[in-house]
Amino acid sequence: MLFTFAIMSLVKLSIKGISYSQTQNGAYALILNEVDGERKLPIVIGAFEAQSIAIALEKEIKPPRPLTHDLFKNFADRFDIVVKQVIIHKLVDGVFYSSIICERDKIEEIIDARTSDAIALALRFNAPIFTYKNILDKAGIYLKNNPLDPDKGSQEIDDILSNPETFGREESNQSGGTYSNHSLTELNELLDTAVEQEDYEKAAKIRDEISKR
């Protein structure tokens, strides 16, 4: 028997961005935003998952070979499997648990998944992301300048949200400067090289510099 989620208690989320976690080396914070509200839901994820989510967000960057989540999407497309939605359904000891709601031949299946994997797939299927209201009430936070709930503005959350729309840390290039020192032609060449070498974190930073121009 399939488990049926209570639709009335679900809250839709969107992706605000990814920031490098100041509290955990090599970890990134995925910031989800309440669609019909102001609360943010920060989730610490690994570097590989952050890269995969960033690739899905950056439409201009196309990996020369499919990443694991791209492979799953290709596999699902081949066998007519559709991801309908992702639900973050449980929070235990700071760990979020998620389910992927899939459909094939009008039969719905629910698959357990890590939240980072579920969201990486939701992006590739253009599937909505939800969580339960009680989880958002427990783990959701307001930006630090929001007076409604100042008790949740801890230093750790402040660090995670300090630059929510930046993927990774600021990085210097080989000459010791920033990418702002390069011409557009050089930036496009660096971008092509980074994508070819599958260094998508660097590619995202170079893309951001190109966008500024």
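Note that these values count all heavy atoms, side chains included, but never hydrogens, waters or copies made by symmetry. Keep in mind it's a predicted model, so treat the numbers as computed, not measured.
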How far apart are the closest heavy atoms of V83 and A127, and which atoms are they? O-CB, 3.5 Å
Distance-only, no hydrogens or angles: does the S52 side chain make a donor-acceptor pair with backbone N or O of F48 under 3.5 Å? no
Salt bridge or not between D137 and R39? Use side-chain N to carboxylate O under 4.0 Å. yes
Check for me whether K90 meets the cation-pi criterion with F96, that is, NZ or CZ under 6.0 Å from the six-membered ring centre and within 45 degrees of the ring axis. no
How long is the gap from NZ on K133 to CD on E34, to the nearest 0.5 Å? 9.0 Å
How far apart are the closest heavy atoms of H89 and I135, and which atoms are they? C-CD1, 3.3 Å
Taking all heavy atoms of L121 and all of H69, pick out the closest pair and write down the distance. CD2-O, 3.8 Å
Say you draw a straight line from OG of S14 to CD1 of I31; how long is it, rounded to the nearest 0.5 Å? 11.5 Å
Evaluate whether atom CZ of F75 has more than 12 neighbouring non-hydrogen atoms of other residues, nucleotides or ligands under 6.0 angstrom away. no
Pairwise distance OH(Y97) to CG(L91) - rounded to 0.5 angstrom: 9.0 Å
Give, for atom CD of E109 and atom CD1 of I100, the distance between the pair rounded to the nearest 0.5 Å. 12.5 Å
Which pair of heavy atoms, one from A76 and one from F125, lies closest together, and at what distance? CB-CZ, 3.6 Å
Backbone of N74 reached by a side-chain donor or acceptor of D77 within 3.5 Å: no
Between the CG atom in L57 and the CD1 atom in I119, the distance rounded to the nearest 0.5 Å is 10.5 Å
S98 and I87: CA distance, side-chain angles, deciding distance, side-chain contact (heavy atoms from CB on, under 4.5 Å) verdict: CA-CA 6 Å; S98 294; I87 299 178; over 6 Å; no
Interatomic spacing from CD in Q85 to CZ in F130 - rounded to 0.5 Å: 5.5 Å
Quick check on side chain to side chain donor-acceptor pair (under 3.5 Å): which of K16, K40, E38 does N33 satisfy it with? K40
Side chain to side chain contact (heavy atoms under 4.5 Å, CB included) test vs L30 passes for just one of V44, T115, I18, L41, namely I18
So, are K12 and D36 salt-bridged, with charged N and O less than 4.0 Å apart? no
Presence of salt bridge, D117 and R114, under 4.0 angstrom: yes
